[in-house]
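No hydrogens, no waters, no symmetry mates; every other heavy atom, side chains included, goes into these values. Here the structure is a predicted model, which means the values were calculated and not measured.
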Amino acid sequence: MFSQSPAAHAGAADEAPLQCWLKTMKTAVHVGEHFNVALTCSVLDTPRLAAVPDIAQIEPATVQFPPFEVMGGLRHPDVRAGSRRYFQFEYTLRVIADSFFGRDLPIPPVTLKYSLSMSSGDGSQQGRERAYILPAIPVRVISLVPQQAGDIRDASRNTFADIQKRRVRSQAALTAAVVLFVFAGVFMLLAATSSVARYRGTAVNAPPRLTDRAVIAACSRVLGRARKSAANEGWSPALVGECLAALRIAAAIALQRPVSQTLVEAGAAASEGQIAARMGLLRPRRVLVSAATTPTAISAQLARASPDFAPRLRPVIEKLRDSLIIISSLRYSRAGSLEGNTIDGAVDSGSGAIRVLRLATLAPVRFIDSSVRAGRLWRLAWTK
């Protein structure tokens with residue numbers, strides 16, 4: 001059963017600096033029976049204007065409800081909603097007297113004093129003291145409904161503590177649901193991977209392969225090592241052949257073309273058109289990498305505007321093609337002369353393109369490129 005100040009019905013409940021409700025969990029009790037009474041207040045609490053109630057007078061240790069005896073009580077955590085702050089006290093009452101059988105005993109009115117605190121640039125000012133009065137609530141002793149009760153239904157037993165408990169349970173249930181959803185996603189991914197592997201006939205013991213990023217790093221090392229050796233001893237056909245192989249492999253990766261990888265013994269030498277790379281840290285293995293990419297094939301794929309590579313890699317691919325044209329013409333020319341300055345420029349241009357390509361092999365960038373590529377393929381499929 002509720003008790004509320006008449007001021008709350010004046011049409012300005014939302015504007016009032018203080019508004020309180022008093023409710024009892026039971027409208028009829030036995031003599032000596034413990035029952036709960038909750039006092040809930042909504043106070044205005046903004047940086048410029050705030051209601052400051054005198055909480056000391058409604059603490060469980062000081063509040064009185066004669067002829068009811070206060071057996072104890074507690075204050076629930078405050079709840080904030082917009083410019084209002086809500087606080088709630090819950091008291092445990094009882095009545096002991098044999099003269100109260102069959103009578104309506106009122107829980108006496110509650111007077112809560114408060115003042116308004118106004119803040120400005122000159123500081124805060126405390127207003128005059130005001131009083132908020134809650135009317136009495138009748139309680140029937142024994143089991144009959146009070147004569148003045150307007151509603152025979154008992155008030156809800158929910159308090160702030162019950163709301164908090166339900167909130168904690170809902171958060172625990174939500175966390176468990178997220179964890180189970182993640183596990184379900186992992187199992188679904190494993191099942192999908194297994195199905196794709198069986199569909200493609202992938203062997204369980206397939207030989208390991210270097211990632212595109214590792215291959216690009218090996219190409220960059222080969223060009224850097226060849227450039228350093230040429231600075232000391234000049235360009236030789238062997239050094240030019242290594243640079244040519246590294247540029248072909250880099251161009252193949254940029255164009256999403258296949259790259260051949262062969263696991264060999266530690267002392268095996270690379271043939272012409274191959275570069276050597278290492279796989280693994282604890283037990284490194286030697287891998288020979290090669291690719292059959294020519295400037296003509298690169299130009300043909302660029303002319304087709306193939307969706308196999310990202311459009312932003314077009315300048316990188318063009319630099320690799322130009323470097324391949326220069327180095328190939330010098331490597332296989334009939335004159336057999338190697339012009340150092342020309343090769344230096346071509347190798348430097350190819351090294352710069354490979355550095356950009358190495359950044360493009362990062363996982364986030366590859367994901368974005370694959371998404372864009374899928375969108376282009378989808379558009380092409382629908383426009384045909």
Legend entry - Closest approach of R358 to R213 (non-hydrogen atoms, all atoms of both residues): O-NH1, 2.8 Å
Inset, instruction - Run the ring-centre check on F35 versus F68 and record whether the distance is less than 6.0 Å. - result: yes
Inset, instruction - Taking all heavy atoms of L105 and all of P67, pick out the closest pair and write down the distance. - result: CD1-CG, 4.2 Å
Legend entry - Heavy-atom pair of closest approach, residues Y91 and V63: CE2-CG1, 3.5 Å
Inset, instruction - Answer whether the closest heavy-atom distance between the side chains of I137 and V37 falls below 4.5 Å. - result: no
Inset, instruction - Check step by step if side-chain contact (heavy atoms from CB on, under 4.5 Å) holds for I163 and V79. - result: CA-CA 11 Å; I163 297 174; V79 176; over 6 Å; no
Legend entry - Ring geometry between F87 and F89 (parallel below 30°, tilted from 30 to 60°, perpendicular above 60°): perpendicular
Legend entry - P258 versus A291, closest heavy-atom pair with distance: O-CB, 4.4 Å
Inset, instruction - Indicate, with yes or no, if F101 and V29 share a hydrophobic cluster defined by side-chain heavy-atom contacts under 4.5 Å among Ile, Leu, Val, Met, Phe, Trp and Tyr. - result: yes
Inset, instruction - For R85 and D78, run salt bridge (Lys or Arg N to Asp or Glu O under 4.0 Å): C-alpha distance rounded to whole Å, both residues' side-chain angles, the deciding distance at 0.1 Å, then the answer. - result: CA-CA 7 Å; R85 178 172 59 86; D78 294 357; 3.1 Å; yes
Legend entry - Same cluster (ILVMFWY, side-chain, under 4.5 Å), I107 and I142: yes
Legend entry - Test: R140 and D104 ion pair at under 4.0 Å: yes
Inset, instruction - Evaluate the criterion side-chain hydrogen bond (donor to acceptor under 3.5 Å, both in side chains) for residue pair S115 and Q126; output intermediate values, then yes/no. - result: CA-CA 7 Å; S115 59; Q126 198 79 12; 2.6 Å; yes
Legend entry - T40 and Q88: side chain donor to acceptor below 3.5 Å: yes
Legend entry - Audit row: E33, K26, salt bridge (Lys or Arg N to Asp or Glu O under 4.0 Å) steps and yes/no: CA-CA 11 Å; E33 179 184 359; K26 290 189 174 182; 2.3 Å; yes
Legend entry - Hydrophobic cluster identity match, L313 and I249, side-chain contacts under 4.5 Å: yes
Inset, instruction - Taking the side chain as every heavy atom from C-beta outward, state whether L112 and L134 have any pair of such atoms under 4.5 Å apart. - result: no
Inset, instruction - Determine whether L302 and I317 make a side-chain contact, defined as any pair of heavy atoms from C-beta on separated by less than 4.5 Å. - result: yes
Inset, instruction - Tell me, with the steps shown, if E318 and I298 meet side-chain contact (heavy atoms from CB on, under 4.5 Å). - result: CA-CA 8 Å; E318 290 176 349; I298 296 174; over 6 Å; no
Legend entry - Side chain to side chain, L39 and I58, heavy atoms closer than 4.5 Å: yes
Inset, instruction - For the residue pair R130 and K113, establish whether any side-chain heavy-atom pair is separated by less than 4.5 Å. - result: no
Legend entry - V356-L320 co-clustered via ILVMFWY side chain contacts under 4.5 Å: yes
Inset, instruction - Decide, yes or no, whether a salt bridge links R227 with D344 under the criterion of side-chain N to carboxylate O below 4.0 Å. - result: yes
Legend entry - Nearest heavy atoms of L18 and C41, plus distance in Å: CD1-CB, 4.2 Å
Legend entry - Path from L288 to V222 over hydrophobic side-chain contacts below 4.5 Å: no
Inset, instruction - Could you tell me whether the side chains of S42 and Q19 share a donor-acceptor contact shorter than 3.5 Å? - result: no
Legend entry - pair V287-V264: side-chain heavy atoms closer than 4.5 Å: no
